[in-house]
Amino acid sequence: MDEVAGKTAFVTGGASGIGLGIAEAFVEAGMNVVIADLRPDHIETALGRFVESGAREHVHPIELDVTDREGFARAADEAEGVFGSVHVLCNNAGMGILGPVTLARYDDWDWGLGVLLGGVVNGVQTFVPRLLAHGEGGHIVNTSSMAGVVPIGGAAIYITAKAAVIGLSEALRSELAEAGIGVSAFCPGPVQTNIREGGRTRPERYGDSGYAELERELEARPNSPLWMDPRECGERVLRGIRRDDLYIFTHREFREGADERFRAMLASFPDEPLDRERADAIDFLLSNPIFREALERRSV
């Protein structure tokens, strides 16, 4: 999707942080953007920014809980009613849920996975049929995290979801390529966001938490001035869409960590000659563009 001007994007979590940075980059590139967000206060603040920049007419707000499947469908209908066909979907909504797995309770797992992974699934299930129906191609960006590539301790629920989002994106890419729909896994590092305020949005039905004190501590933690500006994230996402990147990274600083992890994986494969007959038995992998491209690069 090198040409994005005049296209419409639907961005969840689009009224603050990375989502707002993405929305601003899209609007500057000539796109119409639906900012779907759970928090009315964030929507009001975001709209004020677009009024100041003179771009309010290119933005439409929708209050949305990404775990609400019927609400997602209504939001999609509203988006199409305002701007027409949606071409870019950014499944970006999320929150920070940190703490050792030894303290986690089922409500923590259900809430965390419901938003961070289920919200992405709901976006995919809602919009992929619509993208296929209009037949004009498009792009899906699923926000994962650098933690999904270089895991850290004390964040099992968060990392479980973010790693799954990468796998989902890889699978979707191979399935949707022939329809002209690109898919990217967006893996940002530290960014100036309000992710630390996740506890404010925890529904009462998930109140049996082992992380209550940790959520209060996380909210009190200030952002570092060294963390990336959300608008820079938005520009990187826009560039990734235009280049049809499978992975969109933000921070060079994590490259060595990723390299160490992938080297450990490669070193764990059996050190034995390739069994051609066995390899032929799994030739279905060659139908996957990701594996095919990797094999072609290796043979060059």
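Remember, it's a predicted structure, so these values are computed and weren't measured experimentally.
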Quiz prompt | Flag, side chain of Asp107 to backbone of Asp208, donor-acceptor distance under 3.5 Å | solution = yes
Quiz item: Please walk me through it: do Arg105 and Tyr211 pass side-chain contact (heavy atoms from CB on, under 4.5 Å)?
Solution: CA-CA 8 Å; Arg105 298 177 183 171; Tyr211 291 163; over 6 Å; no
Quiz item: Between Ile181 and Leu132, is any pair of side-chain heavy atoms under 4.5 Å apart?
Solution: yes
Quiz item: Less than 4.0 Å between a side-chain N and a carboxylate O, is that true for Asp259 and Arg255?
Solution: no
Quiz item: Does the side chain of Ser85 come within less than 4.5 Å of Glu80's, by heavy atoms?
Solution: no
Self-check item: side-chain contact (heavy atoms from CB on, under 4.5 Å) partner of Ile140, chosen from Val88, Leu131, Ile241
Solution: Leu131
Quiz item: Any salt bridge between Asp108 and Arg202, counting N to O under 4.0 Å?
Solution: yes
Quiz item: For the side chain of Tyr158 and the backbone of Ile97, is there at least one donor-acceptor N/O pair under 3.5 Å apart?
Solution: no
Self-check item: Under 3.5 Å side-chain donor-acceptor pair for His60 and Asn32
Solution: no
Quiz item: Is it the case that more than 12 heavy atoms not belonging to Arg252 sit under 6.0 Å from its CZ atom?
Solution: yes
Exercise. Give, for atom CG of Leu116 and atom OG1 of Thr67, the distance between the pair rounded to the nearest 0.5 Å.
Key: 11.5 Å
Quiz item: Does Glu232 pair with Arg236 as a salt bridge, N-O distance under 4.0 Å?
Solution: yes
Self-check item: Co-membership, hydrophobic cluster, residues Val59 and Leu20, 4.5 Å side-chain
Solution: yes
Quiz item: Any link between Val101 and Val115 through a network of hydrophobic side chains (Ile, Leu, Val, Met, Phe, Trp, Tyr) touching at under 4.5 Å?
Solution: yes
Self-check item: Among Thr126, Leu64, Asp68, Ile62, the one residue meeting side-chain contact (heavy atoms from CB on, under 4.5 Å) with Arg74
Solution: Asp68
Quiz item: Just wondering, are more than 12 heavy atoms of other shown residues or ligands nearer than 6.0 Å to OH in Tyr106?
Solution: no
Exercise. Report yes if some heavy atom in the side chain of Glu63 is under 4.5 Å from a heavy atom in the side chain of Pro40; otherwise report no.
Key: yes
Self-check item: Pairs flagged by ring-ring contact (aromatic ring centres under 6.0 Å, His included) wherever residues 112-135 is involved - sequence neighbours left out
Solution: Phe10-Phe127, His87-His134
Quiz item: Taking NZ, NE, NH1 and NH2 as the nitrogens, is one of them in Glu213 or Arg216 under 4.0 Å from a carboxylate oxygen of the other?
Solution: yes
Practice problem: Please round to the nearest 0.5 Å and tell me the distance separating atom CD of Glu215 and atom OG1 of Thr201. | Solution: 8.5 Å
Exercise. Over all heavy atoms of both residues, which pair between Phe83 and Val34 is shortest? Give the atoms and the distance, please.
Key: CD1-CG2, 3.9 Å
Quiz item: Ignoring hydrogens and geometry, is there a side-chain-to-backbone donor-acceptor pair from Thr12 to Asn92 under 3.5 Å?
Solution: yes
Quiz prompt | Worked check of salt bridge (Lys or Arg N to Asp or Glu O under 4.0 Å) between Arg39 and Asp41 | solution = CA-CA 5 Å; Arg39 293 182 55 171; Asp41 56 331; 2.8 Å; yes
Quiz prompt | Donor-acceptor under 3.5 Å (Lys162 side chain, Thr143 main chain) | solution = yes
Self-check item: Nearest heavy-atom neighbours spanning Ile35 and Ala46
Solution: CD1-CB, 4.1 Å
Quiz item: If you look at every heavy atom in Asp37 and Ala15, which pair is closest and at what distance?
Solution: OD2-N, 3.1 Å
Quiz item: Can you tell me if CZ on Arg69 sees more than 12 non-hydrogen neighbours from other groups inside 6.0 Å?
Solution: no
Practice problem: Verify side-chain contact (heavy atoms from CB on, under 4.5 Å) between Lys7 and Met1, making sure each step is shown before the conclusion. | Solution: CA-CA 10 Å; Lys7 305 292 187 181; Met1 277 192 67; 3.9 Å; yes
Exercise. Mark yes when over 12 heavy atoms from residues, nucleotides or ligands other than Glu272 sit less than 6.0 Å from its CD; otherwise mark no.
Key: yes
Quiz prompt | Backbone N/O of Gly112 and side chain of Tyr206: donor-acceptor pair under 3.5 Å | solution = no
Quiz item: Given the rule in the side-chain contact (heavy atoms from CB on, under 4.5 Å) test, do Val66 and Phe72 qualify, once you have shown the distances and angles that lead to the verdict?
Solution: CA-CA 7 Å; Val66 295; Phe72 228 128; 4.0 Å; yes
Quiz item: Between Val11 and Phe26, is any pair of side-chain heavy atoms under 4.5 Å apart?
Solution: yes
Practice problem: Please state whether the rings of Tyr247 and Phe249 are parallel, tilted or perpendicular, taking 30° and 60° as the class boundaries. | Solution: parallel
Quiz item: With a cut-off of 6.0 Å (strictly less than), are more than 12 heavy atoms of other residues, nucleotides or ligands near CD of Glu44?
Solution: no
Exercise. Considering only NZ, NE, NH1 and NH2 on the basic side and carboxylate oxygens on the acidic side, decide whether Arg231 and Asp229 come within less than 4.0 Å.
Key: no
Quiz item: Does a side-chain N-to-carboxylate-O contact under 4.0 Å join Asp77 and Arg130?
Solution: yes
Self-check item: Atom pair CD1/SG of Ile248 and Cys187 - distance to nearest 0.5 Å
Solution: 8.5 Å
Practice problem: Output yes when Arg243 and Asp245 qualify as a salt bridge under the 4.0 Å nitrogen-oxygen rule, no when they do not. | Solution: yes
Quiz prompt | Donor-acceptor pair, side chain of Ser184 and main chain of Phe186, under 3.5 angstrom | solution = no
Quiz item: With Glu260, which residues qualify under side chain to side chain contact (heavy atoms under 4.5 Å, CB included), at least two apart?
Solution: none
Exercise. Taking all non-hydrogen atoms of both residues into account, name the closest pair between Asn91 and Gly123 and its distance.
Key: OD1-CA, 3.4 Å
Quiz prompt | Beyond-backbone contact of Leu214 with Leu98, side-chain heavy atoms, under 4.5 angstrom | solution = no
Quiz prompt | Nearest non-hydrogen partners of Val149 and Arg261, listed with the distance | solution = O-NH1, 2.7 Å
Self-check item: Straight-line distance of His58 NE2 to Ser53 OG, nearest 0.5 Å
Solution: 9.5 Å
Practice problem: Just do the side-chain contact (heavy atoms from CB on, under 4.5 Å) check on Phe50 and Glu57 with the steps written out, would you? | Solution: CA-CA 9 Å; Phe50 287 111; Glu57 65 182 300; over 6 Å; no
Practice problem: Identify whether Leu47 and Ile22 are in the same connected component of the hydrophobic contact network (ILVMFWY, side-chain heavy atoms under 4.5 Å). | Solution: yes
Self-check item: Whether over 12 other heavy atoms sit under 6.0 Å from Glu256 CD
Solution: yes
Quiz item: Between CD1 of Ile159 and CE of Met146, what distance do you get to the nearest 0.5 Å?
Solution: 11.5 Å
Self-check item: Nearest non-hydrogen partners of Val150 and Gly257, listed with the distance
Solution: CG2-C, 3.9 Å
Self-check item: Asp244/Arg173 ion pair, N-O < 4.0 Å
Solution: yes
Exercise. Answer yes if Leu103 and Met95 sit in the same cluster of Ile, Leu, Val, Met, Phe, Trp and Tyr residues linked by side chain heavy atoms under 4.5 Å apart, and no otherwise.
Key: yes
Self-check item: Verify same cluster id: Val183, Val128 (apolar side-chain graph, 4.5 Å)
Solution: yes
